[in-house]
Each structure stands twice: as C-alpha cells, then as structure tokens.
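Remarks on the structure that follows.
Note: hydrogens, waters and symmetry copies are ignored here, and every other heavy atom, side chains too, is used.
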Protein chains: 2
Amino acid sequence: MAKNEMLPGTLGMLILRVLQPGPIHGYAIAQRIHTLSKELLQVEEGSLYPALQRMLLKGWVKAEWGISETNRKVRFYKLTAEGRRQLQSEIEDFDRVLQGIQSVMSKA
Amino acid sequence: MAKNEMLPGTLGMLILRVLQPGPIHGYAIAQRIHTLSKELLQVEEGSLYPALQRMLLKGWVKAEWGISETNRKVRFYKLTAEGRRQLQSEIEDFDRVLQGIQSVMSKA
DNA sequence: GAGACAAACCTAGCGCTTCAAGGCATAGAT
DNA sequence: ATCTATGCCTTGAAGCGCTAGGTTTGTCTC
C-alpha cells in the first residue's frame with residue numbers, strides 16, 4: 001500500500017456508495033472517488049472494470065449503454081435493490097472491523 | 001469479508017502494533033489481537049504464520065526460541081528498528097486512506 | 001501408564017483482489 | 001489529417017488470507 005492507493009477489500013463498497021445517488025458511467029466513478037476523497041484515493045482502470053464485472057455477475061448493479069454529457073458512448077451503472085442491501089451490509093462489516101482495528105491500534 | 005474477519009492489508013500493521021510493547025510468541029499474537037479487538041477480529045493461524053515469515057524476511061521482526069509461561073517451547077517475536085519504522089509508515093498510510101474512504105462514504 | 005486434549009508451530013494449495021501494461025474506438029480541436 | 005482526451009476493456013502477474021491438513025509436547029484424567 002504505497003502512496004495513492006486503495007485499501008484492499010473496500011473498492012466494492014466505495015463503488016456501490018458512489019452509485020447510490022444515481023446512475024453514472026464507469027469512468028466517472030473513478031473520477032468521483034478521486035475528487036470526493038480529496039485526491040487521497042485513486043482507482044486504477046485495471047481495478048475498476050473487473051470490479052464492475054463482478055458486481056454485474058452478482059446482480060448488485062445493472063448496466064446500460066448511453067450517451068454522456070460529453071456526447072460519448074458510455075456505460076451507465078445503476079444500483080439494484082440487491083446492490084442497495086449489499087452496500088448496507090458492507091458498511092456494517094467495515095464499521096465493525098474498523099472498530100476492531102482501532103481498538104487494537106489504540107490499546108495495544 | 002464475512003462475520004469475524006480481517007480487513008485485507010491490515011494484518012501486518014496489527015501484528016507490528018501488538019509487538020510494539022515487547023516480544024511475545026506467535027500464538028499469543030493472535031489471542032492478543034482477538035481480545036484487544038473485543039472479539040471483533042480473528043486471526044487464523046494460516047494467516048498468522050505466513051505473515052510472520054514475510055516480516056522475518058523483510059527484517060521487520062526477529063525470532064527467538066524460548067519457553068512460555070505455560071512451560072512450552074515457543075517462538076518469541078521482537079520488533080526490529082526497521083520494524084518500528086515500518087509500523088509508523090503503515091499507520092500513516094492507513095490513516096490517510098481511511099480518511100479518503102470516510103470522505104467518500106459520507107459525502108457521496 | 002494410556003488416552004485425551006489443548007497449546008503451539010508449520011505448510012500446501014486455492015481463490016480472490018489489485019495493479020501494471022497494454023489495446024481499441026471516437027469526439028473535438030488544430 | 002493528426003492529435004489528444006475520453007472511455008471501455010483484457011491479460012498476466014503478484015500478493016494476501018483462508019481452508020485444511022499435519023506435527024510436537026505439556027498437562028490432566030482414569
């Protein structure tokens with residue numbers, strides 16, 4: 001985990017979260033995570049698209065081809081009901097594990 | 001990431017942190033993480049020992065055979081100077097990335 | 001003493017995730 | 001016509017954690 005990277009295991013949660021307000025296209029997901037994190041996080045395309053494929057297979061998102069604001073053929077991703085449930089579940093898991101980590105880190 | 005698991009990428013940091021106060025043996029590291037985390041984290045032996053091997057190779061810890069309080073042959077692990085530096089570095093990385101994650105999760 | 005159990009160490013192999021490094025297509029600008 | 005940025009995708013390698021085994025040895029029970 002070097003300078004500008006992800007915490008393994010959290011990429012799915014971040015993507016789902018960014019999709020929550022409404023459908024956006026793949027490329028924009030990475031940009032949105034980048035800016036929302038104040039440039040602290042950087043999602044590589046080689047991580048992004050495979051992750052989206054996995055989510056499609058699991059039924060957490062649906063994809064649809066369309067045209068972007070910049071007049072380009074893009075693929076819009078949208079949360080499914082199951083995806084919404086999955087997001088909640090991942091948030092709970094993350095919060096619990098994070099609490100465990102912080103307990104150890106502070107009171108070791 | 002199911003019920004009682006680790007966040008990938010944080011195991012090394014947790015082990016280094018638990019070793020910080022002083023040398024303890026491998027098996028006790030897992031127990032200590034378990035109890036310090038209030039049973040929220042569970043380190044499997046199949047994760048623990050390979051992780052310790054990696055740290056030995058990188059020179060972050062040193063190992064020494066000895067006898068435990070329960071009169072058993074055990075391997076005590078001890079932080080090296082480099083391990084202390086590594087711990088600080090991992091803490092900084094983790095804090096920065098965590099801040100990024102929380103920014104995204106709250107303000108998406 | 002025999003057997004059972006838990007402490008404590010370890011390894012092999014699988015599966016998953018991330019990343020680096022490429023390739024492809026097209027809209028808009030020069 | 002060429003270039004640049006946008007946008008999608010795949011392949012291969014590397015790393016990590018887990019499952020599922022196995023070994024040794026101290027302690028306790030009968």
Side-chain angles (χ1 to χ4, degrees), chain A residues 1-16 23-35 41-58 60-61 63-77 90 93-94 97 100-101, chain B residues 1-16 23-35 41-58 60-61 63-77 90 93-94 97 100-101:
Chain A
M1 194 173 27
K3 278 261 123 72
N4 242 2
E5 279 165 38
M6 310 295 306
L7 237 213
T10 62
L11 177 56
M13 180 178 73
L14 290 170
I15 293 177
L16 292 175
I24 59 178
H25 66 269
Y27 199 82
I29 294 175
Q31 292 178 326
R32 196 134 180 70
I33 290 178
H34 187 64
T35 61
L41 303 183
Q42 174 84 32
V43 183
E44 304 300 328
E45 297 188 29
S47 311
L48 175 69
Y49 293 111
L52 286 169
Q53 304 285 5
R54 292 194 293 269
M55 295 187 195
L56 279 170
L57 281 181
K58 305 216 179 179
W60 300 341
V61 299
E64 194 177 330
W65 287 98
I67 302 293
S68 78
E69 334 75 46
T70 61
N71 196 31
R72 281 166 167 287
K73 199 178 56 162
V74 292
R75 216 169 169 197
F76 286 98
Y77 290 89
E90 291 199 22
D93 287 352
F94 179 78
V97 171
I101 292 176
Chain B
M1 196 173 26
K3 278 260 123 73
N4 242 2
E5 278 164 39
M6 307 295 307
L7 236 221
T10 61
L11 178 56
M13 179 178 72
L14 290 171
I15 293 177
L16 291 175
I24 60 176
H25 65 268
Y27 198 83
I29 294 175
Q31 292 178 327
R32 195 132 181 72
I33 290 179
H34 187 64
T35 62
L41 304 182
Q42 175 84 31
V43 182
E44 304 299 330
E45 296 188 28
S47 312
L48 174 69
Y49 293 110
L52 287 169
Q53 303 285 4
R54 292 194 294 269
M55 295 187 194
L56 278 170
L57 280 181
K58 304 215 179 179
W60 299 342
V61 298
E64 193 177 331
W65 287 97
I67 303 293
S68 78
E69 335 75 45
T70 61
N71 196 31
R72 280 165 169 286
K73 201 178 55 161
V74 291
R75 215 170 171 197
F76 285 99
Y77 290 88
E90 291 199 22
D93 288 351
F94 180 78
V97 171
I101 291 176

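- By the 4.5 Å heavy-atom criterion applied to side chains, A:L11 and A:L48 are not counted as neighbours.
- Distance, B:L41 CG to D:dG17 P: 12 Å, rounded to whole Å.
- Applying the 4.0 Å criterion to OP1 and OP2 of C:dC16, one finds that A:R54 has every side-chain N and O outside that range.
- When the side chain to side chain contact (heavy atoms under 4.5 Å, CB included) test is applied to B:Q53, the partners found at least two apart in sequence or on another chain are B:L56.
- Residue A:M6 places its side chain closer to C:dC19 than to any other of C:dC19, C:dA8, D:dG17.
- Protein atom CE of B:M13 is 14 Å distant from nucleotide atom P of D:dC16, rounded to whole Å.
- When rounded to the nearest whole Å, the span between CD1 of A:I67 and P of C:dA27 equals 8 Å.
- Looking at heavy-atom distances under 4.0 Å, B:F76 makes no contact with the nucleic acid at all.
- Not a single side-chain hydrogen bond (donor to acceptor under 3.5 Å, both in side chains) links B:T35 to another residue, sequence neighbours left out.
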I'd like a list of close polar pairs between nucleotides 23-25 of chain D and the protein, N/O only, cut-off under 3.5 Å.
from   : atom 1 : to    : atom 2 : distance (Å)
D:dT25 : O2     : B:R72 : NH1    : 3.2
D:dT25 : O2     : B:R72 : NH2    : 3.2

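- In this structure, A:I101 places its CD1 atom 11 Å from P of D:dG17, rounding to the nearest Å.
- Of the listed nucleotides (D:dG17, C:dC9, D:dG7), C:dC9 has the atom at the smallest distance from the side chain of B:H25.
- Nearest-nucleotide assignment on DNA chain C puts the 5′-proximal partner with B:Q31, out of A:T70 and B:Q31.
- Remark: C1' of C:dA8 and CD of B:E64 are 17 Å apart, rounded to the nearest angstrom.
- Not counting sequence neighbours, the partners of A:Y27 by the side chain to side chain contact (heavy atoms under 4.5 Å, CB included) test are A:H25, A:Q31, A:E45, A:Y49.
- For B:I67, the side chain to side chain contact (heavy atoms under 4.5 Å, CB included) partners are B:N71, not counting sequence neighbours.
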Could you list all N or O pairs between the protein and nucleotides 10-13 of chain D that sit under 3.5 Å apart?
from   : atom 1 : to    : atom 2 : distance (Å)
D:dT10 : OP2    : A:Q53 : NE2    : 3.4

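- Side-chain proximity of B:R75 to C:dC10, C:dA8, D:dC9: nearest is C:dC10.
- If you take OH of A:Y27 and C1' of C:dA27, they are 14 Å apart, rounded to a whole angstrom.
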How far apart are the C-alpha atoms of B:V74 and B:I24, what are their side-chain angles, what is the distance that settles it, and do they pass the side chain to side chain contact (heavy atoms under 4.5 Å, CB included) test?
-> CA-CA 9 Å; B:V74 291; B:I24 60 176; over 6 Å; no
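- Atom CZ of B:F94 and atom CG of B:L7 lie 6.5 Å apart (nearest 0.5 Å).
- Residues A:L52 and A:I29 meet the side-chain proximity criterion, which asks for heavy atoms closer than 4.5 Å.
- Here the straight-line distance linking atom OH of B:Y77 with atom CG of B:L16 works out to 13.0 Å at 0.5 Å rounding.
- Here C:dA8 presents its P atom at 17 Å from CD of B:E44, a figure rounded to the nearest Å.
- Rounded to a whole Å, the CG atom of A:L7 is 13 Å from the P atom of D:dC16.
- For the pair B:Y77 and A:K58, nearest-nucleotide mapping onto DNA chain C gives the more 5' position to B:Y77.
- With a 4.5 Å cut-off on side-chain heavy atoms, A:M6 and A:L14 count as touching.
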